[in-house]
There are 2 protein chains.
Amino acid sequence: MNVGDPVQVPKTSPETSAERLRDTDLANEIEFMTARARSVGSGRANSMLAGLDLRVRSYSVLSLACSGQNPSQRELANFLSLDPSQIVALVDLLENRGAVTREQDPRDRRSKVIVATPGGRELYLQAAAVIQDAEDQSLRDLSPTEREQLRSLLRRIAFETAE
Amino acid sequence: MNVGDPVQVPKTSPETSAERLRDTDLANEIEFMTARARSVGSGRANSMLAGLDLRVRSYSVLSLACSGQNPSQRELANFLSLDPSQIVALVDLLENRGAVTREQDPRDRRSKVIVATPGGRELYLQAAAVIQDAEDQSLRDLSPTEREQLRSLLRRIAFETAE
DNA sequence: TATTGTTATACTCTATAACTATA
DNA sequence: TATAGTTATAGAGTATAACAATA
């Protein structure tokens, strides 16, 4: 087909037009599908977290603050693949609403360990339930076995590069 | 453990500190792993596409323009989950470098069909090879069978909601 | 000299509303 | 009136550089 040829598109309804594009090379690329799954998933998670005045990024920090692992800001930055300066803003946000505190690491006074307050833990419990609902929606077409398959495969590509 | 308790973190090297956070609830959430896989994947893809002066978003539009499906801008917006105004900017970019053209849909003069020029098709061939390399890197720890499993599972969660 | 947290800045991505031309 | 493309704008996400305190 040449570029100058007259455009001939089978007349379709708006609903089927996107179906048509699912048969393209792009739609079968892992990078594309991953990006699309994330777009759908985080969009849904953000909407569902709005009632708690959280977003996925602040939820992530809160979750790690509740993990019992006592992460420093630097560790949060590394693990969440965010710049340390972004962690500052996220921790500020959570600290201002009383959900977490910055505690001095007695072994290194440069480092600040982020821990959740009792209120922060309560907030996290609610948020974790919301995220569980969001995940159930994302995975609603998959069987329990398939969900674990996907989790296992995703883990291997999500954590391969940066540690 | 109470919030006021002294912070006790096992002294670890920077490399193992992030390992430690992989045992948290957050790290096992589908939403989180998907977001992280996308972050790693699209970051790598953007880096590798830089030599062709493309990014994943402009590559996506170019790819669909080369698909033979003659998508309209509206169809691109729907399929790529982007606002129509973003498509304008992306098509402008590709049109200005001679990779695609806007062609009037003879059946609806409001609609513009995006088709690749011969130069655009040549650019796409190079870019598609780059994306293939990027995908191979993302999936390097998976067997061929596992890659197809992941592709199949991802497809079912990526295309479930919007059509 | 190197690292942690911080501030500042700019660029990309995303979301929304309003306008025009066609249907 | 409804839809396709466009323009404009604001907010969220990402990346980089520089600085003070500490190691």
Side-chain angles (χ1 to χ4, degrees), chain A residues 7 9 11 13-15 17-18 35-36 38-47 49-50 53-61 71-78 80-93 95 100-114 162, chain B residues 9 11 13-15 17 35-36 38-47 49-50 53-61 70-93 95 100-114 162:
Chain A
V7 175
V9 185
K11 190 57 182 176
S13 69
E15 301 79 45
S17 68
R36 190 168 160 127
R38 195 239 26 155
S39 173
V40 173
S42 74
R44 177 158 45 217
N46 277 330
S47 300
L49 283 173
D53 200 20
L54 286 171
R55 299 180 64 78
V56 287
R57 282 170 35 146
S58 44
Y59 164 78
S60 297
V61 171
S72 71
Q73 293 192 189
R74 183 65 49 159
E75 289 172 327
L76 291 174
N78 290 339
L80 296 175
S81 303
L82 297 176
D83 191 84
S85 62
Q86 300 173 44
I87 300 294
V88 171
L90 290 169
V91 172
D92 282 348
L93 209 69
E95 194 177 42
V100 305
T101 58
R102 288 173 161 94
E103 306 211 356
Q104 285 290 347
D105 184 335
R107 297 184 325 266
D108 185 342
R109 282 185 304 174
R110 293 173 305 179
S111 180
K112 297 179 184 174
V113 171
I114 308 305
Chain B
V9 184
K11 191 57 183 176
S13 68
E15 301 79 45
S17 67
R36 188 166 161 128
R38 197 248 9 164
S39 173
V40 172
S42 75
R44 175 158 45 217
N46 276 330
S47 300
L49 283 173
D53 200 20
L54 285 172
R55 298 180 66 77
V56 287
R57 280 169 38 144
S58 44
Y59 164 78
S60 298
V61 170
N70 288 318
S72 70
Q73 293 192 191
R74 183 64 50 157
E75 289 172 327
L76 292 174
N78 290 339
F79 189 65
L80 296 174
S81 303
L82 297 177
D83 191 83
S85 62
Q86 300 173 42
I87 300 295
V88 171
L90 291 168
V91 171
D92 281 350
L93 209 69
E95 194 177 41
V100 305
T101 58
R102 289 172 160 95
E103 305 211 355
Q104 284 290 346
D105 184 336
R107 297 184 325 266
D108 185 342
R109 282 185 304 174
R110 292 173 306 181
S111 180
K112 297 178 184 174
V113 171
I114 308 305

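Excluded from the calculations below are hydrogen atoms, water molecules and symmetry mates; all remaining heavy atoms, backbone and side chain alike, are included. Every chain is numbered from 1, with letters handed out A, B, ... down the list of sequences.
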Asks: Could you tell me the separation between the CG atom of B/Leu49 and the P atom of C/dT12, rounded to a whole number of Å?
Replies: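 Distance check: B/Leu49 CG to C/dT12 P gives 15 Å.
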
Asks: In chain order, what residues pass the salt bridge (charged side-chain N to carboxylate O under 4.0 Å, His left out) check against B/Asp92, with sequence neighbours excluded?
Replies: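 In terms of salt bridge (charged side-chain N to carboxylate O under 4.0 Å, His left out), with neighbours along the sequence ignored, B/Asp92 is linked to B/Arg102.
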
Asks: Excluding sequence neighbours, so at least two apart, what forms side-chain hydrogen bond (donor to acceptor under 3.5 Å, both in side chains) with B/Arg74?
Replies: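 Expected list: none.
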
Asks: Could you tell me how far apart B/Arg36 (CZ) and D/dG13 (C1') are, to the nearest whole angstrom?
Replies: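 My rounded result for the distance is 17 Å.
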
Asks: I'd like to check the side-chain hydrogen bond (donor to acceptor under 3.5 Å, both in side chains) partners of A/Ser47; sequence neighbours left out, ordered by chain and number.
Replies: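 With neighbours one apart ignored, the set is empty.
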
Asks: Atom CD1 of A/Ile87 and atom P of D/dG13: how far apart are they, to the nearest Å?
Replies: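 It is 12 Å, rounded to the nearest whole Å.
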
Asks: Who are the side-chain hydrogen bond (donor to acceptor under 3.5 Å, both in side chains) partners of B/Asp83, not counting sequence neighbours?
Replies: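 B/Asp83 satisfies side-chain hydrogen bond (donor to acceptor under 3.5 Å, both in side chains) with B/Ser85 only.
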
Asks: Between A/Arg102 (CZ) and D/dA21 (P), how many Å, whole number?
Replies: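 Roughly 17 Å, once rounded to whole Å.
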
Asks: So if I take every side-chain heavy atom of A/Ser111 and compare against D/dT6, D/dA12, C/dT4, which nucleotide ends up nearest?
Replies: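 The listed nucleotide nearest to A/Ser111's side chain is C/dT4.
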
Asks: Name all residues meeting the salt bridge (charged side-chain N to carboxylate O under 4.0 Å, His left out) criterion together with B/Arg110; count only those two or more places apart in sequence or in a different chain, and write none if there are none.
Replies: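 Partners of B/Arg110 under the salt bridge (charged side-chain N to carboxylate O under 4.0 Å, His left out) test: B/Asp108.
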
Asks: Tell me the interatomic distance from B/Arg74, atom CZ, to D/dA2, atom P, rounded to whole angstroms.
Replies: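 Distance check: B/Arg74 CZ to D/dA2 P gives 15 Å.
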
Asks: A/Ile114 CD1 to C/dT6 P: how many Å, rounded?
Replies: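 Checked: the CD1 to P distance equals 8 Å.
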
Asks: Starting from P on D/dA12, measure out to OH on A/Tyr59 and report it in whole angstrom.
Replies: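 Atom-to-atom, A/Tyr59 to D/dA12, this comes out as 21 Å.
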
Asks: Testing the basics here: between A/Tyr59 and A/Leu54, what is the closest heavy-atom pair and its distance to 0.1 Å?
Replies: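 Reported closest heavy-atom pair: N-CD2, 4.4 Å.
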
Asks: Starting from P on D/dT22, measure out to CD on A/Gln73 and report it in whole angstrom.
Replies: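 Checked: the CD to P distance equals 15 Å.
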
Asks: For the side chain of B/Lys112, starting at C-beta, report the closest nucleotide among D/dG5, D/dA12, C/dT6.
Replies: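 Selected nucleotide (nearest to the side chain): D/dG5.
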
Asks: Reading nucleotides 14-23 of chain C from the 5' end, what letters show protein touch, with B for base, S for backbone sugar-phosphate only, - for no heavy atom under 4.0 Å?
Replies: BBB----BBS

